[in-house]
Amino acid sequence: MIKFGKGVVRFKIPILLLSFLLLIPSVIGYVNTRINYDILSYLPGDIETMKGQDILLEEFGTGAFSVAAVEGMENKEVVALKEKIEEIDHVKSVLWYDSLVDISIPMELLPGDIEEAFENTDKNSTLMIVMMDTSMSADETLEVVEQIRKLTDQQCFLSGMSSVVADIKKICNSEAIMYVVIAAALSTIVLALTMDSFLIPLFFLLSIGMAIIYNLGTNFIAGEISFITQALAAVLQLAVTMDYSIFLWHSYQENQERFPEDKNRAMAHAISSTISSVVGSSITTVAGFLAMCFMTFTLGLDLGVVMAKGVVFGVVGCVTILPAMILIFDKAIEKTRHRALMPDLGRIGDFVTNRYVVFLILFLIILGPALYGYTHNSVYYDLVGTLPGHLESVMANDKLEDNFQMGATHVIIADSALDSKMARQMLKELEDVKGVKLVLGLDSVLGPTFPKEMVPDKMKETLDNGKYQMMFVASEYKTASDEVNAQCDSIKEIIKRYDSSAMLIGEAPCTQDLITITDRDFKTVSAASIALIFVIIAVVLKSISLPVILVSVIEFAIFINMGIPSYTGTVLPFIASIVIGTIQLGATVDYAILMTNKYKKARYQGAEKREAISSALNGSIQSVFVSALSFFAATFGVGVYSSIDMISSLCVLLARGAIISFLVVAFILPAMFMLFDKLICKTSAGFLDKVKRVNVKSAIS
């Protein structure tokens with residue numbers, strides 16, 4: 001490694017020039033990487049709801065649809081608005097009263113439930129269904145949503161997932177830059193307090209920032225990333241890779257004492273030392289992120305790959321770009337040196353080891369409530385319910401609920417050859433399902449009092465293409481509610497009896513699948529992350545017992561972190577329960593590994609149990625605290641600022657998790673070492689037994 005360090009020192013100027021040049025293609029790649037704002041699109045493609053959406057797009061030329069509530073317009077004005085909407089590119093058709101019959105024919109001739117569904121005379125409000133020829137979250141679909149909104153002045157309220165996605169895109173575009181600014185600003189404050197130079201934090205942030213841009217730029221290879229990945233990637237990469245820069249700086253200072261006359265040599269040794277330490281610790285972080293790739297809900301793959309890649313870029317930047325900057329701007333850094341303002345915490349070793357029984361008792365007392373809270377969290381799957389109330393998609397949903405008592409809208413795709421009599425019988429059963437407000441299909445319009453000839457040809461083509469027929473089901477229940485999930489089950493049971501190939505699709509059925517899939521993913525990802533990190537620790541520390549102790553301690557911190565919302569009544573986004581534990585385990589188990597290495601070294605050199613554990617804690621507590629505080633600073637501010645609850649909740653949980661992991665490593669881990677020291681020595685390589693230790697001490701003396 002020393003050869004690599006010498007090479008970096010020798011070519012520091014070319015390295016810095018090349019690193020800046022690489023920013024150009026990275027920025028171009030970042031700008032041209034599409035952002036996906038639709039959570040449901042990450043569901044597996046082989047489930048029925050996703051297959052049904054493909055059929056809808058391929059067979060009917062309809063991908064997305066939205067229900068619009070129109071207020072304060074006469075019928076002729078609604079007709080004019082409908083015609084304007086139909087002129088917009090990628091709008092396939094608009095279903096309204098005049099789609100069923102000529103506007104001159106009284107609405108009273110339509111079946112009563114259809115008349116009631118399309119018209120609320122008391123509130124002078126009417127409904128129309130806008131169907132588009134592009135998928136739910138396609139860029140063209142989001143543009144259609146924006147154009148429809150511009151046609152009226154708060155008179156046409158467009159609901160549906162496409163409308164929600166359009167609003168999320170607006171928020172992300174307006175807030176994303178501030179996430180990075182806030183994270184960088186708060187990290188700078190922490191570094192200013194803990195570092196001994198006012199300028200060095202800026203070089204830390206600059207080198208990490210360049211690594212972040214490389215990471216985001218290379219996402220172009222994948223074609224697109226999710227909005228959650230875009231929002232969290234920079235913040236998380238800053239949080240988890242700051243340690244590496246701090247370690248390099250401290251190592252550089254130590255080596256300057258060894259080689260006071262040769263800073264280049266000191267940096268070469270610092271790079272070598274950093275590679276040895278950082279690569280080992282970064283592997284656990286990478287493993288934590290890669291564990292998310294085991295999710296069948298592919299948002300985990302999206303976030304996991306990007307973040308694992310980000311850690312690698314962070315390590316590379318730390319041992320190439322940062323050393324080059326420090327050496328080139330050495331004089332400026334020296335001029336801004338000052339005494340670190342953060343108090344030294346490296347004296348608590350004796351306090352903790354002398355009271356280890358107290359901390360073990362605290363561990364046992366807290367474990368029960370923490371585990372209970374961890375297993376009894378409430379989660380939500382409905383994005384709309386957590387978005388700010390002033391957004392147009394939220395207001396549209398409120399209008400549908402207030403004026404028409406409507407929540408979710410489902411779509412049924414059935415065989416076009418289904419007998420009309422059987423179809424009407426099926427529709428009758430569907431109408432009797434609890435919470436179903438309306439079933440709109442060709443057979444629901446037709447009947448003894450409404451001849452087939454009166455239905456416009458365009459309407460027939462829209463609902464029946466000769467191979468499949470399409471029906472809309474309006475529900476009184478909200479997406480992701482227990483009631484709508486039970487309703488979906490009842491609807492699927494009915495349609496399968498009449499047509500085994502029939503499918504129920506839409507936002508609510510997709511969300512129901514999301515609930516089932518992510519519940520399974522949670523167990524898979526947790527097991528995968530624990531297994532991967534367990535194996536890595538076992539190999540790195542050459543121990544059987546230490547992986548159990550270290551993983552258990554960090555899992556205890558995770559139980560506390562994820563258990564708190566259960567007692568505060570906080571409802572978490574579904575993705576939090578899957579990714580938080582994995583990220584917290586991968587990113588903060590390094591704290592435990594750092595202390596364990598010092599404990600192992602002290603025991604090997606002949607120190608007794610209490611002495612070794614106390615010195616290990618004293619020697620690592622400052623670094624662990626700075627690391628946890630940096631992680632907290634980078635994530636907490638974003639959590640407070642973001643108006644998207646999914647991003648806000650994730651960041652707050654990560655920030656709190658870093659502090660809890662620090663406290664657990666500082667107080668519970670040493671107590672575990674005190675309790676299991678004999679077991680550790682017998683089951684781990686590099687720990688001397690009592691006889692050998694006495695011999696080592698004699699040799700030293």
Side-chain angles (χ1 to χ4, degrees), residues 194 240 242-244 246-247 250-251 254 273-274 276-285 288 344-356 359-360 362-363 533-534 536-543 545-558 584-605 607-631 657-677 679-681 683-687:
T194 56
V240 300
M242 182 63 76
D243 297 359
Y244 311 151
I246 294 170
F247 190 93
H250 286 162
S251 181
E254 290 171 5
S273 177
T274 300
S276 301
S277 301
V278 164
V279 170
S281 64
S282 66
I283 291 174
T284 58
T285 309
D344 183 13
L345 301 176
R347 298 177 182 177
I348 69 169
D350 290 339
F351 173 82
V352 175
T353 53
N354 289 336
R355 296 166 180 80
Y356 79 94
F359 294 113
L360 288 174
L362 278 175
F363 168 77
I533 291 173
F534 184 95
I536 291 168
I537 295 173
V539 172
V540 170
L541 297 179
K542 299 180 178 63
S543 172
S545 56
L546 284 172
V548 177
I549 295 171
L550 268 59
V551 170
S552 297
V553 165
I554 300 300
E555 283 294 321
F556 173 62
I558 293 168
Q584 187 175 340
L585 176 60
T588 65
V589 76
D590 291 352
Y591 307 166
I593 292 174
L594 174 64
M595 186 184 298
T596 304
N597 277 325
K598 291 183 179 296
Y599 159 56
K600 179 180 179 179
K601 184 178 180 180
R603 287 296 266 160
Y604 183 81
Q605 291 177 342
E608 293 297 333
K609 175 177 71 174
R610 190 181 299 274
E611 180 188 352
I613 297 168
S614 178
S615 65
L617 179 56
N618 289 338
S620 59
I621 188 68
Q622 195 77 11
S623 297
V624 171
F625 180 65
V626 172
S627 175
L629 201 58
S630 299
F631 199 119
I659 299 301
I660 293 172
S661 289
F662 160 72
L663 293 173
V664 167
V665 168
F667 297 102
I668 303 300
L669 183 60
M672 291 292 184
F673 287 160
M674 291 291 292
L675 180 64
F676 295 110
D677 178 74
L679 177 65
I680 293 169
C681 289
T683 58
S684 309
F687 285 81

Determine whether Ser282 and Tyr244 make a side-chain contact, defined as any pair of heavy atoms from C-beta on separated by less than 4.5 Å. yes
For Gly349 against Leu617, the heavy-atom pair lying closest together: CA-CD2, 3.8 Å
Could you check whether any side-chain N or O of Arg603 sits under 3.5 Å from a backbone N or O of Tyr599, counting only pairs where one atom can act as donor and the other as acceptor? no
Check the pair Leu594, Val665 against side chain to side chain contact (heavy atoms under 4.5 Å, CB included), reporting the backbone distance first and the verdict last. CA-CA 10 Å; Leu594 174 64; Val665 168; over 6 Å; no
May I ask you to decide if Asp350's main-chain N or O and Thr353's side chain share a donor-acceptor pair within less than 3.5 Å? yes
For residues Phe673 and Lys609, report the shortest heavy-atom separation together with the two atoms involved. O-CD, 4.4 Å
Verify side chain to side chain contact (heavy atoms under 4.5 Å, CB included) between Val589 and Thr285, making sure each step is shown before the conclusion. CA-CA 8 Å; Val589 76; Thr285 309; over 6 Å; no
Compare every heavy atom of Thr683 with every heavy atom of Ser545, then report the nearest pair and how far apart it is. OG-OG1, 2.6 Å
If you apply the rule side chain to side chain contact (heavy atoms under 4.5 Å, CB included), what do you find for Met595 with Leu669, and how did you get there? CA-CA 9 Å; Met595 186 184 298; Leu669 183 60; 4.1 Å; yes
CG/Leu585 to CD1/Ile533 distance, rounded to the nearest 0.5 angstrom? 3.5 Å
Over all atoms of both residues, closest heavy-atom pair of Tyr356 and Ala671: O-CB, 3.6 Å
Rounded to the nearest 0.5 Å, the CD1 atom of Ile348 sits from the CD1 atom of Ile621 at a distance of 4.0 Å
Quick one: closest heavy-atom pair of Ser620 and Ala616, and the distance? OG-O, 2.7 Å
Determine, stepwise, if the pair Met672 / Phe363 fulfils side chain to side chain contact (heavy atoms under 4.5 Å, CB included). CA-CA 10 Å; Met672 291 292 184; Phe363 168 77; 3.6 Å; yes
Separation between CZ of Arg355 and CG of Leu360, rounded to the nearest 0.5 Å: 14.0 Å
Check whether any side-chain N or O of Ser251 sits under 3.5 Å from a backbone N or O of Phe247 as a donor-acceptor pair, and report yes or no. no
Can you tell me how far apart CD1 (Ile668) and OG (Ser661) are? Round to the nearest 0.5 Å. 12.0 Å
Side-chain donor/acceptor pairs under 3.5 Å, residues 550-558, sequence neighbours excluded:
from: Ser552; atom 1: OG; to: Val548; atom 2: O; distance (Å): 2.5

Whether the side chain of Ser543 engages the backbone of Ala538 through a donor-acceptor N/O pair (distance < 3.5 Å, no angle test) should be reported. no
Distance, nearest 0.5 Å, that separates OG of Ser614 from CG of Asn354: 8.0 Å
dist Leu546:CG -> Lys600:NZ (nearest 0.5 Å) comes out at 8.0 Å
Short question: side chain of Ser627, backbone of Ser623 - any donor-acceptor pair under 3.5 Å? no
Lys598 side-chain N/O to Ser615 backbone N/O, donor-acceptor pair under 3.5 Å: no
